[in-house]
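Being a predicted model, the structure only gives us computed values, none of them experimental.
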Amino acid sequence: MEFSKNYVAESDLLTFVNNQYEINGEKIRLYRTSQGRVFFIQSPSGRKVFKLYLPTVTDAAIQSTRIIHYLHGCGYPIVKIIPTVSDELYATIERPEGSCVGVLFEYASGICIWAWNALYDAGQERVHPITSQFCKQVGLMHRLMDDYDEPLIQRGSKEIIFDAVIRQLRLDGYNESKIRDLEEYGNELWAILSKCRTGFYHADMHPGNTKYRNGQFTWMDFDKACMSYNIMDIGWLLTTDWVHYHEQEKSVERSRRLFDEVHAGYSAERPMTDNEIKAALHSTAIIHFDDMSTNIKMLNRGIKTWILDREYEWLMRWRECCAKLM
C-alpha cells in the first residue's frame with residue numbers, strides 16, 4: 001500500500017466534516033494519533049474534536065459511540081458526541097484501505113491530569129486527594145454499565161488474556177524456560193480472575209482519559225471497552241510506576257496503600273466482592289498480560305524480545321512481591 005493512501009488531506013477532511021455536520025468548521029489540525037487520528041476543529045461555536053478511526057477498529061469505534069450515548073443518557077459526566085446532519089452518532093468516509101468511522105465530539109474543558117501515577121504521589125509517598133472521587137466515578141460507571149443491554153465485544157476468556165500470549169511466544173521462539181514461568185503465572189492469575197464478576201471493562205482506566213472540572217471527572221476514550229472482568233479496571237487504578245520497571249516491592253506496597261482509597265471510593269457506588277478484593281493486587285499483573293495480548297493482536301505478530309524480557313522480569317518480581325503479602 002502506498003504511504004499516501006494512509007492519510008486524508010486535512011483540507012479534504014474539513015470539507016467532509018462540514019458536509020456531515022452543521023458546525024461550519026473553519027480550521028483543522030492534527031492533535032495526535034491513536035488507533036487512528038484525532039483532529040481539533042475550530043468553528044464559530046468553539047473547538048470540536050474529530051476522531052477518525054482505522055478500518056481495523058471499526059467495530060470498537062461504533063461500540064464506543066453507543067456506550068458514550070448510553071452513559072450520557074444516564075447523566076454520567078462524559079464527553080458529548082455531536083450527531084451528523086442525519087442524526088447518526090458517527091460518519092463513514094471511504095478510503096482506499098477501506099471504510100473509516102469518524103466521530104465528532106464537543107471539546108471537553110477542564111484540567112488534564114497526567115495519566116500515570118496520578119492517583120499516588122510517589123514524591124510525597126501519599127495517595128493523591130483526587131483518588132476517592134475518581135474511583136467513585138469508576139464505580140458509578142460500572143454500576144450503570146451493569147444495565148447496558150447491548151452486546152459488548154467479548155475479551156474475557158483465558159484464551160484471549162493469557163493463552164494467546166503464550167502461543168505467540170512459542171511461535172516466535174522465545175526462551176522456553178521463561179515461557180513456562182509465564183504460563184504457570186498466567187494459570188495462577190486465571191484461577192484468581194475467573195472467580196470474579198464478569199462485566200464491563202473500560203481497559204484504559206486512568207485519569208489521563210478524563211478532564212477534571214468543578215469537582216468531577218468528564219470521561220472520554222472508550223475505544224478499548226469490552227466484556228471481561230470489572231476487577232481488571234481496578235488493576236489500572238492500582239498501577240503505580242507503570243512505565244518504571246524497577247522497585248517492584250515498593251510498587252506493590254504503594255498499590256496496597258492505594259487500594260484503601262480505591263476501595264472506599266469505588267464501593268461507595270458499587271461494592272466489591274470478597275473475590276475481587278482478594279484479586280485486587282493480582283489484577284495489575286493481569287492487565288500486563290492483557291496489554292501484551294492486545295499488542296500482539298494489533299501488531300498481528302510478536303513483540304520485540306527486549307520488551308518481552310522487560311515484561312518477564314516485571315511479572316516475576318510482581319509475583320514474588322505479592323506472594324510475600326498474601
**Student:** Got a donor-acceptor contact below 3.5 angstrom from the Q63 side chain to the I153 backbone?
**Tutor:**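 It does hold such a pair.
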**Student:** What side-chain hydrogen bond (donor to acceptor under 3.5 Å, both in side chains) pairs are there with at least one residue in residues 143-162, not counting sequence neighbours?
**Tutor:**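 Qualifying pairs: R143-E269, D146-R270, R155-D290, R155-T294, K158-D163, K158-N187, E159-R167.
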**Student:** Strictly distance-based, threshold 3.5 Å: is any side-chain N or O of H202 a donor or acceptor partner for the main-chain N or O of D221?
**Tutor:**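 Pair found, side chain donor or acceptor close to backbone of D221.
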**Student:** Report the C-alpha separation of I67 and M145 in whole Å, then their side-chain angles, then the decisive distance to 0.1 Å, and conclude whether the side-chain contact (heavy atoms from CB on, under 4.5 Å) test is met.
**Tutor:** CA-CA 8 Å; I67 292 171; M145 287 303 295; 4.1 Å; yes
**Student:** Are I160 and Y185 linked, directly or through intermediate hydrophobic residues, by side-chain heavy-atom contacts shorter than 4.5 Å (ILVMFWY only)?
**Tutor:**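 In one cluster with Y185: I160, no.
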**Student:** Can you check whether I161 reaches S228 side chain to side chain, under 4.5 Å on heavy atoms?
**Tutor:**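 Yes, side chains in contact.
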**Student:** Is it true that a side-chain atom of N18 and a backbone atom of I23 form a donor plus acceptor pair closer than 3.5 Å?
**Tutor:**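 Side chain of N18 to backbone of I23: no pair is present.
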**Student:** Roughly how far apart are H282 NE2 and I192 CD1, rounded to 0.5 Å?
**Tutor:**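 Going from the NE2 atom of H282 to the CD1 atom of I192 covers 4.0 Å.
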**Student:** Test your reading of the model: is there a side-chain donor-acceptor pair from N175 to the backbone of S177, 3.5 Å cut-off?
**Tutor:**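 Looks like yes, one N/O pair under 3.5 Å.
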**Student:** Which pair of heavy atoms, one from P83 and one from D87, lies closest together, and at what distance?
**Tutor:**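 Nearest pair, atom of P83 first, then D87: CB-OD1, 3.7 Å.
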**Student:** For L30 and V38, which heavy atoms make the closest approach, and how far apart are they?
**Tutor:**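 Looking at all heavy atoms of both residues, the shortest contact is CD1-O, 3.5 Å.
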**Student:** In the structure I gave you, are the side-chain heavy atoms of S283 and M232 within less than 4.5 Å of one another anywhere?
**Tutor:**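 They are not in side-chain contact.
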**Student:** Got more than 12 heavy atoms from elsewhere within 6.0 Å of NZ, K48?
**Tutor:**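 Yes, because the 6.0 Å sphere around NZ of K48 holds more than 12 heavy atoms from other groups.
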**Student:** State, with a plain yes or no, whether a side-chain heavy atom of I286 is found less than 4.5 Å away from one of Y229.
**Tutor:**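 With C-beta onward as the side chain, the pair stays apart.
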**Student:** Considering all heavy atoms of both residues, which atom of I41 and which atom of G25 are nearest to each other, and what is their separation?
**Tutor:**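 Shortest heavy-atom contact: CG2-CA, 3.9 Å.
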**Student:** Any donor-acceptor pair under 3.5 Å linking the side chain of T84 with the backbone of Q20?
**Tutor:**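 Flag not set: sc T84 to bb Q20 has no pair under 3.5 Å.
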**Student:** Have a look at Y120 and tell me which of R254, H128, E125 forms a side-chain hydrogen bond (donor to acceptor under 3.5 Å, both in side chains) with it.
**Tutor:**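 It is E125, the one option of R254, H128, E125 that forms the side-chain hydrogen bond (donor to acceptor under 3.5 Å, both in side chains) with Y120.
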**Student:** Check for me, please, whether V85 and F16 land in the same ILVMFWY cluster - side-chain distances under 4.5 Å, paths through other members count.
**Tutor:**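 Different hydrophobic clusters.
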**Student:** May I ask you to test the E188-R319 pair for a side-chain heavy-atom distance under 4.5 Å?
**Tutor:**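 A side-chain contact exists here, since the closest heavy-atom pair is under 4.5 Å.
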**Student:** Does E320 come within less than 4.0 Å of R317, counting only side-chain N to carboxylate O?
**Tutor:**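 No, this pair does not count.
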**Student:** Where is the tightest heavy-atom contact between V252 and C321, given as atom of each residue plus distance?
**Tutor:**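 Answer, listing the atom of V252 first, then C321: CG2-CB, 3.6 Å.
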**Student:** How about F217 and I130: do any of their side-chain heavy atoms sit closer than 4.5 Å?
**Tutor:**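 In contact.
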**Student:** Where do F162 and L189 come nearest, in terms of heavy atoms and distance?
**Tutor:**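 That would be CZ-CB, 3.7 Å.
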**Student:** Is a side-chain donor or acceptor of K211 paired with a backbone partner of A108 at a separation under 3.5 angstrom?
**Tutor:**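 Checking the backbone N and O of A108 against the side chain of K211, a donor-acceptor pair under 3.5 Å is found.
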**Student:** Apply side-chain contact (heavy atoms from CB on, under 4.5 Å) to residues Y201 and W236 and explain how you reach the verdict.
**Tutor:** CA-CA 11 Å; Y201 173 39; W236 283 91; 3.0 Å; yes
**Student:** Minimum heavy-atom separation for S255 to L281, with atom names?
**Tutor:**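 Where S255 meets L281 most closely, the heavy atoms are CB-CD2, 3.7 Å.
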**Student:** State whether Y107 and R47 meet the cation-pi test: NZ (Lys) or CZ (Arg) under 6.0 Å from the six-membered ring centroid, and within 45° of the perpendicular axis.
**Tutor:**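 Positive - R47 is close enough to the ring of Y107 and near enough to its axis.
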**Student:** Side chains of H206 and D204: do they bring a donor and an acceptor to under 3.5 Å?
**Tutor:**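 Side-chain D/A pair, H206 to D204: present.
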**Student:** Would a distance-only check, ignoring hydrogens and angles, find a side-chain to backbone donor-acceptor pair under 3.5 Å from S43 to G46?
**Tutor:**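 Yes; judged by distance alone, with no hydrogens or angles, the pair exists.
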**Student:** Start with the C-alpha gap between F259 and I277, add the side-chain angles, then the distance that decides, and say whether side-chain contact (heavy atoms from CB on, under 4.5 Å) holds.
**Tutor:** CA-CA 9 Å; F259 179 69; I277 292 172; 4.1 Å; yes
**Student:** Considering only residues two or more places apart or on different chains, which pairs with a residue in residues 49-60 satisfy side-chain hydrogen bond (donor to acceptor under 3.5 Å, both in side chains)?
**Tutor:**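 Every side-chain hydrogen bond (donor to acceptor under 3.5 Å, both in side chains) pair that includes a residue of residues 49-60, provided the two are not neighbours, is K51-D223, Y53-D223.
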**Student:** Which distance, rounded to the nearest 0.5 Å, do you find between the CG of N209 and the OG1 of T218?
**Tutor:**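 With rounding to 0.5 Å, CG (N209) is 12.5 Å from OG1 (T218).
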**Student:** Before accepting this row, confirm whether a basic side-chain N of the pair E184/R180 lies closer than 4.0 Å to the acidic partner's carboxylate O.
**Tutor:**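 The answer is no: the pair does not qualify as a salt bridge.
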**Student:** Kindly compute the distance separating CG (L238) from CE (M205), expressed to the nearest 0.5 Å.
**Tutor:**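 It comes to 12.0 Å.
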**Student:** Between the main-chain N or O of I287 and the side-chain N or O of D291, is there a donor-acceptor pair closer than 3.5 Å?
**Tutor:**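 Answer holds: no.
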**Student:** Do V49 and F40 have side chains that approach each other closer than 4.5 Å (heavy atoms only, starting at C-beta)?
**Tutor:**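 Yes - at least one pair of side-chain heavy atoms lies under 4.5 Å apart.
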**Student:** Answer whether the closest heavy-atom distance between the side chains of I82 and E106 falls below 4.5 Å.
**Tutor:**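 Side-chain contact under 4.5 Å: yes.
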**Student:** Only one of L237, D260, L258 clears side-chain contact (heavy atoms from CB on, under 4.5 Å) with T131; which?
**Tutor:**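 Testing each of L237, D260, L258 against T131, the sole residue satisfying side-chain contact (heavy atoms from CB on, under 4.5 Å) is L258.
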**Student:** Do W306 and V165 share a hydrophobic cluster, counting only Ile, Leu, Val, Met, Phe, Trp and Tyr and linking them when any side-chain heavy atoms are less than 4.5 Å apart?
**Tutor:**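 Per the 4.5 Å side-chain linkage, W306 and V165 are co-clustered.
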**Student:** To the nearest 0.5 Å, what is the distance between CD1 on I81 and CE on M220?
**Tutor:**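 Output value for this atom pair is 12.5 Å.
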**Student:** About how many Å separate CD1 of I296 and CG of L169, when rounded to the nearest 0.5 Å?
**Tutor:**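 CD1 of I296 is found 6.0 Å from CG of L169.
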**Student:** Between H288 and W318 (judged by ring centroids, cut-off 6.0 Å), do the two rings come close enough to count as a pair?
**Tutor:**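 No.
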**Student:** With a 4.5 Å heavy-atom cut-off, do P44 and E26 have their side chains touching?
**Tutor:**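 P44 vs E26: side chains touch.
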**Student:** About how many Å separate CZ of R170 and CD1 of I166, when rounded to the nearest 0.5 Å?
**Tutor:**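 The CZ atom of R170 is 6.5 Å from CD1 of I166, to the nearest 0.5 Å.
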**Student:** Report the C-alpha distance between M141 and Q137 in whole Å, list the side-chain angles of each, state the deciding distance to 0.1 Å, and finish with yes or no for side-chain contact (heavy atoms from CB on, under 4.5 Å).
**Tutor:** CA-CA 6 Å; M141 182 193 299; Q137 285 191 219; over 6 Å; no
**Student:** Using the rule given for side chain to side chain donor-acceptor pair (under 3.5 Å), can you reason through S109 versus R213, listing the C-alpha separation, both sets of side-chain angles and the distance that settles it, and then say yes or no?
**Tutor:** CA-CA 7 Å; S109 60; R213 185 183 184 188; 2.6 Å; yes
**Student:** Count the heavy atoms of every other residue, nucleotide or ligand shown that sit under 6.0 Å from NZ of K178, and state whether that count exceeds 12.
**Tutor:**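 Yes - once you tally the heavy atoms of other residues, nucleotides and ligands closer than 6.0 Å, there are more than 12.
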**Student:** Is it the case that the side chain of Y70 and the backbone of L144 share a donor-acceptor pair, with hydrogens and angles ignored and the cut-off at 3.5 Å?
**Tutor:**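 Present.
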